[in-house]
Protein chains: 2
Amino acid sequence: MNAEELSSRLAAIASTQRLGIIAQLVGEPLHVSELARRMEMSRALLYMHLAKLEAAGFVTGHLELSEDGKALKFFTAVPFTISITPAVIAAAVNQQEGKTD
Amino acid sequence: MNAEELSSRLAAIASTQRLGIIAQLVGEPLHVSELARRMEMSRALLYMHLAKLEAAGFVTGHLELSEDGKALKFFTAVPFTISITPAVIAAAVNQQEGKTD
DNA sequence: TGCACCTGTAATAAAATACTAACATATGCA
DNA sequence: TGCATATGTTAGTATTTTATTACAGGTGCA
């Protein structure tokens, strides 16, 4: 992972709102409207946060049909581990490209 | 560590500029003017970044007198390890206060 | 005295993020 | 038909972060 990738992944979770979203989704996928109610947040704003989290690979969304036939957009927390130390940072800075994982 | 502490620590390193600063300081303390030259950045801007990094505990600064009697402000990278997983985030969100370490 | 260094801050401008309000569209059901 | 639910976007505003410019002050030395 290079410095740009690292900083953008970190930026995606450097937010209490987005940490809260991930926490809500751990072990329990939720659809957008339900998540918005639990987070006490407008859907428009939630979409913005979800877009950042999904772009960084921390959550993933998919459409599902409810029993009564309505489309629901479910989001799930994606498993990951990020370990950061000064050496990891130095390695990231001192290279142009990084591994996918 | 609670969600606020976690997000503010992450925010402090969620920046390519600040990752670069840490990388420069790993294993080699530098004074502000020298670091500014290496980062190709104005001192005023560098001070802002250093203030954020120091507030979050990633670097630490101290005054030193050079051989010819001039005051130099040296900064050093502080050793640390941050490991983040969905479970760590959930734990941070679901508590009010956290341990110092 | 003047030049080359250094630390430190204040005021301001520019850019990026976060947030709100409003809208369009669709489904099921009484 | 009308209400309650849902997805999704856009346009505009507010706030925060980043960056620049311009200071004021200190030391050593030729």
Can you give me the closest heavy-atom contact between Arg18(B) and Leu53(B), atom names plus distance?
CD-CG, 3.8 Å
So, OP1 or OP2 of [N]: does either fall under 4.0 Å of a side-chain N or O from [X]?
X: Lys73(A); N: dG8(D); answer: yes
X: Ser42(A); N: dC19(C); answer: no
X: His49(A); N: dC19(C); answer: yes
X: Arg43(A); N: dT20(C); answer: no
X: Gln17(A); N: dT17(C); answer: no
X: Arg37(A); N: dA6(D); answer: yes

Provide, to the nearest angstrom, the distance between the [atom1] atom belonging to [X] and the [atom2] atom belonging to [N].
X: Leu45(A); N: dT10(D); atom1: CG; atom2: P; result: 17 Å
X: Ile21(B); N: dA19(D); atom1: CD1; atom2: C1'; result: 13 Å
X: Asp68(A); N: dA26(C); atom1: CG; atom2: C1'; result: 13 Å
X: Leu35(A); N: dA6(D); atom1: CG; atom2: P; result: 12 Å
X: Met41(A); N: dT7(D); atom1: CE; atom2: C1'; result: 17 Å
X: Glu67(A); N: dA6(D); atom1: CD; atom2: P; result: 15 Å
X: Leu19(B); N: dT18(D); atom1: CG; atom2: P; result: 12 Å
X: Glu34(B); N: dC6(C); atom1: CD; atom2: P; result: 8 Å

With the side chain of [X] defined as its heavy atoms from C-beta on, choose the nearest nucleotide among [options].
X: Tyr47(A); options: dA4(D), dG8(D), dT7(C); answer: dG8(D)
X: His31(B); options: dA18(C), dT7(D), dT7(C); answer: dT7(C)
X: Lys70(B); options: dG28(D), dT20(C), dG28(C); answer: dG28(D)
X: Ser33(A); options: dT20(C), dA19(D), dT7(D); answer: dT7(D)
X: Arg18(B); options: dC19(C), dC6(C), dT18(D); answer: dT18(D)

Does the distance from a Lys or Arg side-chain N to an Asp or Glu carboxylate O, for Arg38(A) and Glu34(A), drop under 4.0 Å?
yes
Step through the shown structure and confirm whether more than 12 heavy atoms of other residues, nucleotides or ligands are within 6.0 Å of CD on Glu4(A).
no
Should [X] and [Y] count as side-chain neighbours, where that means a heavy-atom distance under 4.5 Å?
X: Ile13(A); Y: Leu6(B); answer: no
X: Phe80(A); Y: Ile84(B); answer: yes
X: Leu63(B); Y: Leu72(B); answer: no

Under 4.0 Å, counting only non-hydrogen atoms across every strand here, what does Leu72(A) touch: a base, just sugar-phosphate, or nothing?
sugar-phosphate
Closest-nucleotide ordering on DNA chain C, the 5'-leading residue of Ala44(A) and Phe74(B):
Phe74(B)
Closest-nucleotide 5' rank along DNA chain C - winner of Ala14(A) and Ala71(A)
Ala14(A)
